[in-house]
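Note: hydrogens, waters and symmetry copies are ignored here, and every other heavy atom, side chains too, is used. Each chain gets a letter, A, B and so on, in the order the sequences are listed, and its residues count up from 1.
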Amino acid sequence: MRIPLEWLKEYVDVKGPVAEVAESFTLLGLMLDKPVYEYKEGRYSWPILDLEHRMDRSDWLSILGCARDYAAFEGLSFKMPPVHAEPGLAPKQEQIVDIKVECPDVVKRFNTKVFRNIKVVESPDWLKNRLKAYGIPAINNIVDITNYVMVEYGQPMHAQDLAKMEAQEIVIRRAKEGEEVTTLLGETVKLTPEQFVLTQAGKATVIGGIVGGNTTGVDKNTKDIVLDAGNYDQNNIRRSSRSLKILNETVLRYDKYLHPELAQHAMERAVYLILELAGGDYYENVDWYPQPVARGKISLRMSRLEKVGGVKIENNRITEILTALEYRIIKEDGGVFELEIPYFRTDIEVEDDVAADILRINNYNAIPLRLMNMAPPKEITPEIYTFEEKLKDLLASGGLHEHITDPILPYEEGNTMQVRLENALTADKSALRTNMRSTLWPVLKNYEKHKLTDINIFEVGKTYEVNGAKNKYTSYKEIRRLQVLHKNTTSTPYENTEHTKKILASLLQGLGIEDHRLEKTDGTTDIFIHDEKAGSLEVYGFMLLTEILLKHAKPAQRVVSDLPQYSTQNLSLIMDVQKPFGPVFEEIKNFDDNIVEVEVEEEYTGKELAEDKKAVLVKIAYKTNQTEKFRAKLLKHLKSKFKLEHRD
Amino acid sequence: MNTLKDKISEINSEYRQRIGDASDAEELDTLYLSLFSKKHGVVTALMKELAGLDTEGKREVGPMINDLQSRLKDELEEKRRDLQDHMMQDPLIDLTYPEKPAVWGMLHPTTQLIREMNTFFRYYGFSVVEGPEIETEEFNFRKLNLPEGHPATDLQDTLYIADDILLTTHTSSIEARLLTQQKPPIRVAFPGKCYRNETVNSTNAAFFHQYQGFAVDKGITMEHLKGVLEAFHKYLFGDDVILRYRYKYYPEVSPGLGIDLKCQFCHGKGCQVCRQRGWIEVLGSGMIHYNILKNCGIDPEIYTGFAWGMGLDRLVMQRYGIDDIRKLYGGIVYK
């Protein structure tokens, strides 16, 4: 909300320099959004305060609403502008502009007056400049007055030239599918029955609550006008304006909840200004308001105020604030204020909102600081959260960098498992990832662009899947994963694989997971932990499901305080180059309880061997001294189970 | 048998001497072979001689040979390490030569900030929790006092998956879930990922991080809200911070409270960092809305609570000098 300081001064005796005014507004809830700037025009030079509006307070989209709070905060008196509240002349029956509302679900009030024999001229300087300082161009006195009252009171208004109206009536109805209206700005807009329109002889002239048309506008030749102040369903205005992509000062106010009573007060102000600035005769006309809305009532307990705010505020101070904010105190008894809510405070919903009014006008700085002295409640941090933190630490200690990537990516045609976004802005951001490699791989590529050669990165995050009916929440799954990528651009794929596996082994060791195996099935190599599929391995990285890791993780037994008591021996096994060694390794590990550790020392091919053979040197640690006996037994077993040879 | 014992003692003294005198690794290899080679090793020869003794002799001398063997092997190993250490003292080693760092792993800047904040709140008795990223309208809006068409939904252009299923637009949805599931007293902080249907630019992204939390107990007032959050700002930005408390509307709270930090770069004069405001808004907060407690099954006449929330990304970007939020989640590398 932009407030020209000069305009504000009409209602309240502003104290101090503009910076202090801005600070007061900020503290009471209207934060200075941009630095104070100047409106300069001829002899005028007015500071403008641009205040952040936070949606709930429709009255903060009016200068009066802002002025009232400022006066309350500063303890200054607040003065309403002059209005013309007396009724106008009674019109003859045939002079009445009839109002017919065919969509009472969206129209709550349509208050109209008629003026005849007015003079449409340029507005006086003060009015033109106030409007321009606010940011609305000046047109002529009638149009300017409707805009002025809108900014002053927060009630959009609208005037039409009676001579240009084909019929002496305004019919408000839902728009027809495809019906068109050409707006004041000359733009033709296509409508749907979602919107409602003001019509003339069946033709739509105004998009209700959104923008006027170009057919009945007031110009310098206009003599007679019908002036309206409407009140509409704010949700309809919100939806309609968004779907028509029309955002203007009118919409800005109509898409908030305005009390229908406002149409009365704003009208009285507009009547005053028209009679002052355009003269003419003022006639009553239809005020369509079938279901008047009463002002709300609410009670404030002093005990509640203290329960929320902590600080104790004196009774007379509470009364002072409530009065300044125009709450009517119906009764005050036994620490309870029974209040009538001012009509313009459509934001007041619960007792605590009134407490908030007292506390903020009393200044939040008056609330002392206190630390919580209650006993801390039970610790409920989930185990997986702490575990994933540990996972990140382990990987970072191994020299891997953590990354976080945006999980939104393009939709893959035909991927039925993928979670698709209904209203994505662009096609390249239209679905959620089903694997983390797809969003982490570009990061690895980015390292390559930075000419970094030894790349070790990881992400701990989620992937997303849908399985079943798309409108059922339970069809959606979020899967926690760890994705590791390793690539040394100066190494061979073989060397990269070796290193990737080294990271995997170190990680599992760090997590105290001893029992795992790698198994090749249809092109992918799966990682099994205690016979449960926990992830998969590739040349440049691996993926692990963190929930499964957590299930099997134990404190790692890596601290050794005694020299090893095991006897070790090496075994050189020769087998087909094509055959995976994994199963042989598993077989050795599980052969006997006496075997405590098995490690692959070396794997080689070469001239000493036949072309289709490889040799694997395995180091075995035994608990027993009778290694020879074991060795013979083990070899016999391996030879019978696998096609392999042994070399001394 | 005695000759064998003599030999053991001779070999012992001779070879210990020779190992001690050896000047390089090659010499040690030769000594190893002459001791333990299968064909010519002197210790191997002792083993063969041992075979000729009677059982009693074997029992007496066997361990002595074993002992000799392991002692000499140890000596050889130790000497080998000594020689290596000695090589370190090579005059060609120049310790003033500029060093290069080894690459140590780094946690993502956002993770680092989250951990820093977790540390504070854990100290004050808060647990750290998470929630789903795929949410229902019920938890993302309705339970949080945001009925359909509420003006606050303006700020929350939502990414929808199905009719009432969406990507969480704020971590507040976790608040609704926890208030429904846990019995007070509760103290929790929740860092999390959020999504909005924003036109992406350097400061706005569809994917971003928030850090929220709340405390619900008997007797919690705005004094506690101010007390805890002031301590938090001091922890994060230093003891000399200057804070400003102002009314700020959020649909999830009433009364709402905005906290600003006097810009530490320009000291309130206005600069680029604070967007000429002189103050930086770090977080929004307030007393948990009466209706939210009620909607979630907690009696607001018995329990009160405060909640706060903040965006993390801008803070992270400021700390690490990153000018584009899109880079933060995919476009950075660590050296």
Aromatic contact, A:His403 with B:Tyr334 (centres under 6.0 Å): yes
Toward chain B, the part of A:Lys472 with a non-hydrogen atom under 4.5 Å: backbone
Within 6.0 Å of NZ in A:Lys477, more than 12 heavy atoms from elsewhere: no
Region of A:Asp33 that comes under 4.5 Å of a non-hydrogen atom in chain B: both
Flag, side chain of A:His401 to backbone of B:Met106, donor-acceptor distance under 3.5 Å: yes
A:Asp352 (side chain) donor-acceptor with B:His289 (main chain) under 3.5 angstrom: no
Side-chain (B:Lys226) to main-chain (A:Pro368) donor-acceptor, under 3.5 angstrom: no
Side chain, backbone, both or neither of A:Tyr473 within contact of chain B (heavy atoms, under 4.5 Å): both
side-chain contact (heavy atoms from CB on, under 4.5 Å) between A:Ile404 and B:Lys193, intermediate numbers included: CA-CA 10 Å; A:Ile404 299 174; B:Lys193 294 171 181 175; 4.2 Å; yes
side-chain contact (heavy atoms from CB on, under 4.5 Å) between B:Asp217 and A:Met372, intermediate numbers included: CA-CA 10 Å; B:Asp217 207 333; A:Met372 288 188 288; over 6 Å; no
Toward chain B, the part of A:Arg304 with a non-hydrogen atom under 4.5 Å: side chain
Test item: A:Glu478 side-chain N/O and B:Ile134 main-chain N/O as donor-acceptor pair under 3.5 Å: yes
A:Tyr364 side chain near B:Pro255 side chain, heavy-atom distance below 4.5 Å: yes
Greatest number of heavy atom pairs closer than 4.5 Å to chain B - which of A:Lys392, A:Lys429, A:Met31: A:Met31
Whether A:Arg420 side chain and B:Ile161 backbone form a donor-acceptor pair below 3.5 Å: no
Side-chain ion pair, B:Glu301 and A:Arg301, N-O less than 4.0 Å: yes
Contacting region of A:Ala22 [heavy-atom separation from chain B under 4.5 Å]: neither
Which atoms of A:Trp60 approach chain B - backbone, side chain, both or neither, heavy atom under 4.5 Å: side chain
Options B:Ile332, B:Asp164, B:Thr304, ranked by heavy-atom pairs under 4.5 Å with chain A, top entry: B:Ile332
Expected output: side-chain A:Thr381 to main-chain B:Ser127 donor-acceptor under 3.5 Å: no
Pair A:Asp406 + B:Arg326, salt bridge at N-O below 4.0 Å: no
B:Gln276 side chain to A:Pro35 backbone, donor-acceptor under 3.5 Å: no
Worked check of side-chain contact (heavy atoms from CB on, under 4.5 Å) between A:Asp353 and B:Tyr249: CA-CA 10 Å; A:Asp353 296 337; B:Tyr249 166 78; over 6 Å; no
Toward chain B, the part of A:Thr26 with a non-hydrogen atom under 4.5 Å: both
Region of A:His450 in contact with chain B, defined by heavy-atom distances below 4.5 Å: side chain
Part of A:Val308 lying under 4.5 Å from any heavy atom of chain B: both
Residues in side-chain contact (heavy atoms from CB on, under 4.5 Å) contact with A:Glu388, at least two apart in sequence or another chain: A:Ile384, A:Val460, A:Arg480, A:Thr546
Which atoms of A:Leu359 approach chain B - backbone, side chain, both or neither, heavy atom under 4.5 Å: side chain
Side-chain donor or acceptor of A:Asn471 paired with backbone N/O of B:Ala162 under 3.5 Å: no
Chi angles and distances behind the side-chain contact (heavy atoms from CB on, under 4.5 Å) call for B:Asn291, A:Glu349: CA-CA 9 Å; B:Asn291 287 348; A:Glu349 190 189 355; 3.1 Å; yes
Ion pair check, B:Arg115 and A:Asp393, cut-off under 4.0 Å: yes
Check: B:Asn118/A:Tyr385 side-chain N/O donor and acceptor closer than 3.5 Å: yes
Side chain / backbone / both / neither for B:Gln182 at chain A, heavy atoms under 4.5 Å: side chain
